[in-house]
Amino acid sequence: MFCDYLIAPSDRKHARIMAGILKKSGYSCVGLEVSLYKEFSEEFEQQGIRVLPVIIIEAVDEKQAKRVARHARSRHPNSTIIGRASSAQAFRFFSRDSRVDIVEVSKRTVNLVDRNESLILSKSGSRVGINLSRILANPRNLGWMANLARRIYRYDVPFTLYSAATEWNSVWHPRQIVALFSEWIGYGRYAFLGLAPG
Amino acid sequence: MDALGTVLTVMLILVIVALALILVQRYRIEKLEGEVKRLTGLIANVLKASGALEALSQKAQYRPRKRYIIFRLLSEKPMPPSRVEGLIRRQVRDLYGDYGIAESRLHLVYYNPGTGYGVVRTTQMWKDKLIVALSLLRSMDGSRILVIPVRVTGSIKRAREIIREHT
């Protein structure tokens, strides 16, 4: 029912426990980094959770973004590509490029999420990605993430949520995410749009 | 006789005028009262429609409505209830300050170290904030923990029933 588009378990023990917790929490699919796919996909498939290969690309400018996106799609045609941009040009490129499936938003690029971004993403078929591990790394990130959630709600931007969990205690239960959205935008169930598979 | 008649006529006229003035004054007061009632009724309807009256009445309530959050604590080693309550209070203080501790009226009602199920009481306005605070609890005394919210209920009786169903 729910999908966590990025997890990166550090070892087999964490992967096994994560699979059990995610299954009980209602997750039906997870995204595993390509480098960990062969090693840990079996742990999740045993629990009946579908596993998707995911590749993360990073870029500081548009030229680099173009190069890494082309390279990633040619090498991994069936993977979900998450783009992390350090500049506005790279962010806009990832947004309009149909090869990139998810564009991760950071504190630097949060103000670029607006009505134009919504139009660009709907044309390219991509989505904005919210990495929930940033909240666990530093709770002060709650501030700009609340701003991001309000922008997503106001401009109807397609989005997805993922935990980027490396250990079993870093996963997020859907009810926790609903409480976050309830605090941010006053409408908790909006979070389900970001957890929906597909 | 003529003088008496004149005086009586003048007095009668004065009485009629006085009565008329009294009647007019009363009518004006009644009309004003009527206008005031109409305006206050209009204002009350507008406020009611906007929900402001409800919010005001809720704020002005002496006792806020309680909510019981049922959670399950997954941990690498068993935790005593006193440690769990201290941890939750510290997390709420870190996120929302001393004001948060006071306003949330937080209290750990029940916790079973064996099953990991617990119930924490708070007010209706603070239930989502408390779930966010519980979500950010990921380690305690160096060991990994995860707090999963199960349900939110309005009574402790229903909370106990739900825990019984789960265990």
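By convention in this document, chain letters (A, B, ...) are assigned in the order of the sequence lines, proteins followed by strands, and residues within each chain are numbered from 1.
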Which atom pair, heavy atoms only, marks the closest approach of [X] to [Y]?
X: Tyr37(A); Y: Glu45(A); answer: OH-OE2, 4.4 Å
X: Pro81(B); Y: Leu108(B); answer: O-CD2, 3.6 Å
X: Ala85(A); Y: Phe94(A); answer: CB-CD1, 3.9 Å

**Request:** Say whether Asp141(B) and Ser143(B), considering side chains only, have a donor N or O and an acceptor N or O under 3.5 Å apart.
**Result:**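 Side chains of Asp141(B) and Ser143(B): no pair found under 3.5 Å.
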**Message:** According to salt bridge (charged side-chain N to carboxylate O under 4.0 Å, His left out), who are the partners of Arg72(B), at least two apart in sequence or on a separate chain?
**Reply:**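 None.
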**Prompt:** What part of Val147(B) is in contact with chain A, defined as an atom under 4.5 angstrom from a non-hydrogen atom: side chain, backbone, both or neither?
**Reply:** backbone
**Prompt:** Is chain A contacted by the side chain of Leu95(B), its backbone, both, or neither, given a heavy-atom distance below 4.5 Å?
**Reply:** side chain
**Message:** If I measure from the heavy atoms of chain B, does Ile21(A) come under 4.5 Å with its side chain, its backbone, both, or neither?
**Reply:**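 Just the side chain, heavy atoms under 4.5 Å.
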**Message:** Checking Arg38(B) now: which residues fulfil side-chain hydrogen bond (donor to acceptor under 3.5 Å, both in side chains) with it, not counting sequence neighbours?
**Reply:** Glu35(B)
**Non-neighbouring partners of Ser124(A) that pass side-chain hydrogen bond (donor to acceptor under 3.5 Å, both in side chains), sequence neighbours left out** = Ser126(A)
**Aromatic ring proximity Tyr68(B)/Tyr110(B), centre distance under 6.0 Å** =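 Tyr68(B) vs Tyr110(B): aromatic centres not under 6.0 Å.
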**Message:** Using only non-hydrogen atoms and a strict under-4.5 angstrom cutoff, which residues of residues 142-174 of chain A touch chain B?
**Reply:**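 Only Leu142(A), Glu167(A), Trp168(A), Asn169(A), Ser170(A), Val171(A), Trp172(A), His173(A) of residues 142-174 of chain A have a heavy atom under 4.5 Å from chain B.
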**Fill in**
Of Leu180(A), Ile17(A), Leu136(A), the largest count of non-hydrogen pairs under 4.5 angstrom with chain B goes to Leu136(A)
